[in-house]
Number of protein chains: 2
Amino acid sequence: MPYDPSAFPPFAVTVDLVVLTVRRHALCALAVRRGEPPFQGRWALPGGFVRADEDLSQAAARELAEETGLCAHDPSAPVQDNGAHLEQLATYGDPKRDPRMRVVSVAHLALAPDLPAPRAGGDASNARWAPVEELLQQSGYGRDGEPVAPLAFDHAQILADGVERARSKIEYSSLATAFCPSEFTVGELRRVYEAVWGVALDPRNFHRKVTGTPGFLVPTGGTTTRQGGRPAQLFRAGGATLLNPPMLRPEV
Amino acid sequence: MPYDPSAFPPFAVTVDLVVLTVRRHALCALAVRRGEPPFQGRWALPGGFVRADEDLSQAAARELAEETGLCAHDPSAPVQDNGAHLEQLATYGDPKRDPRMRVVSVAHLALAPDLPAPRAGGDASNARWAPVEELLQQSGYGRDGEPVAPLAFDHAQILADGVERARSKIEYSSLATAFCPSEFTVGELRRVYEAVWGVALDPRNFHRKVTGTPGFLVPTGGTTTRQGGRPAQLFRAGGATLLNPPMLRPEV
DNA sequence: ATCATAGTCGTCTGCCTGACGATAAACACT
DNA sequence: AGTGTTTATCGTCAGGCAGACGACTATGAT
């Protein structure tokens, strides 16, 4: 391995972000509209170049803060304040994934509670939360009647991988609490699972499971009635990060 | 995103390989001795630069073939011939991880059956299978009395991450068969689990579990007595890739 | 022949899950 | 005030699976 720079090909390295949240009972991802070619006008995942003196996780946290204002958690720490969970997802380096040059993108996955409104450098029209189902469909029309175009680059694949990671990870970890505000009810947590998995769960069995798993939830003592119906106990995320035995995702 | 190359810092991109196998009841990894600075003479994971026209997985497969002669599997296909399982692990890009220049390394994990002997460009003295426990200890003496030095660069972290990935993935997938030859017995598969997890498993419950999981193992009809004792049925890996319910790793 | 070794089949008990009945506590009506 | 609706929470019961472990089988070694 000589120092001669001609001995290896130069790459551009970027981070792309799959930022997920749950809004109106649907799993949504943050998308930004591209302002320049290639794929001008198309939706894409937020991201940018890694700077010369930055670690990959630093770059991802910086991009996340620039796009959403969220500050990232250390992935090993339990989710407790309203910062987002951030972890590395996978790296995409097909030689043709960017027509301009050789770009290797280190994708990261962020999970955030429902946020007021996206801001892409202050320009709200160029960023939005979209249901992942809508972003992943190849073509057709969205729920607002607008025509839908596929995501730019290989971002549909990255988004699909991120969604799959989130779906499987909430099975055996307490990560679903990252979608909730700092205090939440069992019902709100259940609706997170239902939105991410796209299934209906039995409220009684879910309640038994999450309250019976030591360290998963700690009661705050308060109650709320913001969902209507009988007041529900408020909880915050406990210290446990791994669920053992896991939460079982229903078949099919 | 302009085309101007000065707009983004150039990176070198490499692939590093965590190649695991089970030898003599121990989980072992392939290590190569560095022939030049930095870390000259120290052990490291095999790896190399990604070429200009190569995908990341192609580069990893090429390095794997160069180091071991194994040909890689498509990760989505079931393990069936004596090729190795290969999947992306994670990407490491700390600005200081290589003192010479900015290098981002996309680590891959390979699982292989026990191989005759390593060959690093034909030079056997510069490559070896070492128990991961020995490679991960910070200092001291190996089982042969040789002094042990930590792995070069951040390779100890990469190896630890790869081992952890393998340990957790054999819980819920049929990946453990990648450590076995094409035909194997239930006892041989059990010894793989025992070596990877470092625990003893009940042979009777293990037998019930693996033979009772549909699609995991298919009998070939043959038997063998190569382990001594009563002849055992030979199996090959079935089409199933996911184990549901998973194999449970004993506590502590 | 006897022993050691490994493989295979069963049994039993406890835990967890899925299905679902029942009760409790709020709000929106009339 | 009463009734219905909604959500939360507790209980019960049967089935499935895992851990513990007994019993038997088939080989090679002594």
Side-chain angles (χ1 to χ4, degrees), chain A residues 24-25 170-172 180 183-195 197 199-236 240 242-252, chain B residues 24-25 170-172 180 183-195 197 199-236 240 242-252:
Chain A
R24 285 183 269 111
H25 291 205
I170 64 174
E171 284 189 67
Y172 58 89
C180 295
E183 294 198 356
F184 54 89
T185 70
V186 173
E188 289 164 350
L189 184 62
R190 174 169 51 80
R191 281 181 278 275
V192 164
Y193 275 90
E194 292 179 332
W197 284 344
V199 297
L201 299 175
D202 185 290
R204 298 157 291 190
N205 293 336
F206 184 86
H207 189 277
R208 177 182 61 192
K209 174 69 178 173
V210 297
T211 57
T213 300
F216 190 11
L217 301 181
V218 293
T220 67
T223 61
T224 185
T225 174
R226 58 181 168 230
Q227 297 291 335
R230 171 177 164 179
Q233 263 187 283
L234 282 171
F235 296 88
R236 73 178 70 243
L242 256 42
L243 261 42
N244 208 310
M247 179 89 58
L248 294 181
R249 173 157 37 161
E251 312 284 324
V252 183
Chain B
R24 285 183 269 112
H25 291 203
I170 65 174
E171 284 188 69
Y172 59 91
C180 294
E183 293 197 356
F184 54 90
T185 69
V186 173
E188 289 164 350
L189 183 62
R190 175 170 49 82
R191 281 182 278 276
V192 164
Y193 276 91
E194 292 180 331
W197 284 345
V199 298
L201 299 175
D202 185 291
R204 296 156 293 188
N205 293 336
F206 184 87
H207 189 276
R208 178 182 62 192
K209 174 69 179 173
V210 296
T211 58
T213 300
F216 190 11
L217 301 181
V218 294
T220 67
T223 61
T224 185
T225 174
R226 60 183 167 227
Q227 298 290 336
R230 172 176 165 179
Q233 273 190 90
L234 284 170
F235 295 86
R236 73 178 69 242
L242 255 43
L243 261 42
N244 208 308
M247 180 88 59
L248 294 183
R249 177 161 28 164
E251 313 285 322
V252 184

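Proteins come first, then strands; the chains are lettered A, B, ... in the order of their sequence lines, and each starts at number 1.
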Arg226(B) CZ to dG7(C) P, in whole Å, measures 11 Å

What is the separation between atom CD on Gln233(B) and atom C1' on dA26(D), rounded to the nearest whole Å? 13 Å

Comparing Pro231(A) and Gly187(B) on DNA chain C - which has the more 5′ nearest nucleotide: Gly187(B)

Is Arg204(A) side chain donor-acceptor paired with the dG21(C) base, going by distance under 3.5 Å alone? yes

Compare the minimum distances between each of dA18(D), dT9(D), dC21(D) and the side chain of Asp202(B), then state the nucleotide with the smallest one. dC21(D)

Of the nucleotides dT8(C), dA8(D), dA19(C), which has the atom closest to the Ala232(A) side chain? dA8(D)

What's the shortest heavy-atom distance between Leu201(A) and Glu194(A), and which atoms? N-OE2, 2.9 Å

OP1 or OP2 of dC17(D) less than 4.0 angstrom from a side-chain nitrogen or oxygen of Lys209(B), does that happen here? no

So what does Arg191(B) hit on the nucleic acid, given a heavy-atom distance under 4.0 Å: a base, only sugar-phosphate, or nothing? sugar-phosphate

Integer-rounded Å distance: dG16(D) P and Glu251(A) CD: 14 Å

Atom-pair distance (OH on Tyr172(B); C1' on dA18(D)), nearest Å: 21 Å

Please figure out whether Thr211(B) or Pro250(A) has its closest DNA chain C nucleotide nearer the 5' end. Thr211(B)

Atom-pair distance (CG on Asn205(A); P on dC13(D)), nearest Å: 16 Å

Side chain of Gln227(A): nearest nucleotide among dA8(D), dC20(C), dC21(D)? dA8(D)

Shortest non-hydrogen contact from Thr223(B) to Gln233(B)? CG2-CA, 4.3 Å

Rounded to the nearest angstrom, tell me the gap between atom CG in Asn244(B) and atom P in dA18(D). 10 Å

Phe206(B) CZ - dC17(D) P separation (whole Å): 17 Å

Please report the closest heavy-atom contact between Glu188(B) and Glu183(B), naming both atoms and the distance. OE1-O, 4.3 Å

Between His207(A) and dA8(D), is there a contact of a side-chain N or O with OP1 or OP2 at under 4.0 Å? no

Which nucleotide in dA18(D), dA26(C), dG10(C) has an atom nearest any side-chain atom of Arg208(B): dA18(D)

Residue-phosphate contact under 4.0 Å: Arg190(A) side-chain N/O, dT7(D) OP1/OP2: no

Nucleotide dA18(D), atom P - distance to CD of Glu171(B) in whole Å: 13 Å

Step through it carefully: locate the ring centre of Phe184(A), locate the ring centre of Phe235(A), and say whether they are under 6.0 Å apart. no

Result for 5'-nearest mapping on DNA chain D, choosing between Pro245(B) and Arg230(A), is Arg230(A)

Does some side-chain heavy atom of Pro219(B) sit less than 4.5 Å from a side-chain heavy atom of Leu234(B)? no

